[in-house]
Number of protein chains: 2
Amino acid sequence: MADKITNRCRDMGLQMTPQRLIIAEVLGASTDHPDVEELHQRATARNPEITVAQVYHTVKLFEEAGILEKLEFGDGRARYEDADRAHHDHLIDMNTGEVIEFVDPEIEALQEKIAEKLGYRLKDHKLELYGVPLNRRRQ
Amino acid sequence: MADKITNRCRDMGLQMTPQRLIIAEVLGASTDHPDVEELHQRATARNPEITVAQVYHTVKLFEEAGILEKLEFGDGRARYEDADRAHHDHLIDMNTGEVIEFVDPEIEALQEKIAEKLGYRLKDHKLELYGVPLNRRRQ
DNA sequence: GTATATGCAAAATCTTTGCAGACAC
DNA sequence: GTGTCTGCAAAGATTTTGCATATAC
């Protein structure tokens with residue numbers, strides 16, 4: 001599990017240098033949603049030779065290779081998670097920053113239904129759902 | 001309609017200077033999701049005396065007063081819309097940046113159900129939903 | 001007259017990029 | 001040897017802030 005990302009990197013033909021290996025391990029070992037700063041801290045804990053720039057280089061590369069999913073929850077920092085995990089959505093506690101993962105089959109069906117209703121062919125469009133905060137709603 | 005924001009500003013005890021009045025009018029007249037740069041352009045079209053800094057000051061103030069909703073769709077720019085509009089969610093076309101508004105009663109019930117299931121009291125938490133892009137899903 | 005608003009410029013934050021040296025194959 | 005990777009530092013982009021001046025009430 002911890003080296004699944006590493007394997008996919010090799011499959012994509014990416015060189016697995018010591019720096020990338022550690023970043024890949026840190027990513028694989030993370031069950032939360034670390035930002036670059038946090039990834040860098042976890043990586044330097046294993047090897048102090050890793051720079052923030054390298055973390056930026058690497059997450060960008062991994063994202064472009066489809067290995068990582070970039071998440072942006074509106075606090076100005078991008079977060080990353082393994083793109084190969086089973087699908088789930090996120091509910092963010094805007095007061096605390098806590099990220100709650102959940103899966104609900106109804107919400108999935110619903111998103112597809114909405115996309116269809118709007119005439120979107122999912123193969124051609126990357127559609128992302130943003131819900132307005134639950135307790136800010138009117139009407 | 002175009003001056004509803006202005007009224008709420010006065011209700012909140014905010015001084016309605018010429019600059020704020022124009023920014024409020026621009027916001028009230030917008031049916032899309034302008035960012036600060038776009039708001040500034042629309043405002044200067046009516047009065048060239050408005051600075052970007054003032055737009056930033058004003059949207060922040062209006063957001064804190066509950067008059068505006070700040071939306072962040074992951075492109076690095078904050079977008080704003082009237083917080084008093086009827087509730088809706090957003091589906092973002094990540095290829096084109098297009099923002100599609102929609103309302104679906106099922107998705108609302110679902111979000112509340114999920115929050116409840118997770119033991120969240122909506123009065124105490126501002127919970128925001130982020131869906132992973134529809135066509136990036138596995139399993 | 002006092003409190004608030006304005007606007008310039010500087011700073012803060014997150015991210016990207018240029019490039020020279022280092023490493024992998 | 002050629003292509004890729006690394007890491008420093010500089011630059012970009014968006015947003016925030018300090019503060020002197022101007023305006024609102």
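Below, read A as the first sequence line, B as the second, and so on, with proteins coming before strands; counting in each chain starts at 1.
Using a 4.5 Å heavy-atom threshold, the side chains of B:Arg20 and B:Leu61 count as touching. Contact check for A:Leu39 versus A:Ile23: no side-chain heavy atoms found under the 4.5 Å cut-off. Here the side chains of A:Lys70 and A:Glu72 are in contact, with some heavy-atom distance below 4.5 Å.
Between A:Ile22 atom CD1 and D:dT6 atom P there is a gap of 11 Å when expressed in whole angstrom units. In this structure, A:Glu64 atom CD and D:dC5 atom C1' are separated by 15 Å, rounded to whole Å. If you take CG of A:Leu61 and P of C:dT15, they are 17 Å apart, rounded to a whole angstrom. Regarding B:Met12, its CE atom lies at a distance of 12 Å from the P atom of C:dA5, rounded to whole Å.
Proximity of a side-chain donor or acceptor of B:Arg79 to a complementary backbone N or O of B:Leu71 within less than 3.5 Å is not detected. With hydrogens and angles ignored, the 3.5 Å screen pairs no side-chain donor or acceptor of A:Thr44 with any backbone N or O of A:Asn47. In this structure a side-chain-to-backbone donor-acceptor pair under 3.5 Å is missing from B:His33 to B:Val99.
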Short heteroatom pairs, N/O only, protein and nucleotides 22-25 of chain D, under 3.5 Å:
from   : atom 1 : to      : atom 2 : distance (Å)
D:dA24 : O4'    : B:Gln15 : OE1    : 3.4

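B:Leu21 and B:Val59 fall into different hydrophobic clusters, where Ile, Leu, Val, Met, Phe, Trp and Tyr residues are linked whenever their side-chain heavy atoms come under 4.5 Å apart, directly or through other members.
Close to C:dT4, at under 4.0 Å from its OP1 or OP2, lies no side-chain N or O of B:Arg20.
A side chain to side chain contact (heavy atoms under 4.5 Å, CB included) with B:Ser30 is found for exactly one of B:Glu38, B:Arg42, B:Glu25, namely B:Arg42.
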**Message:** Each nucleotide in nucleotides 7-17 of chain D should get exactly one letter: B, S or -. Can you fill that in based on protein heavy atoms under 4.0 Å?
**Reply:** BB-----SBBB
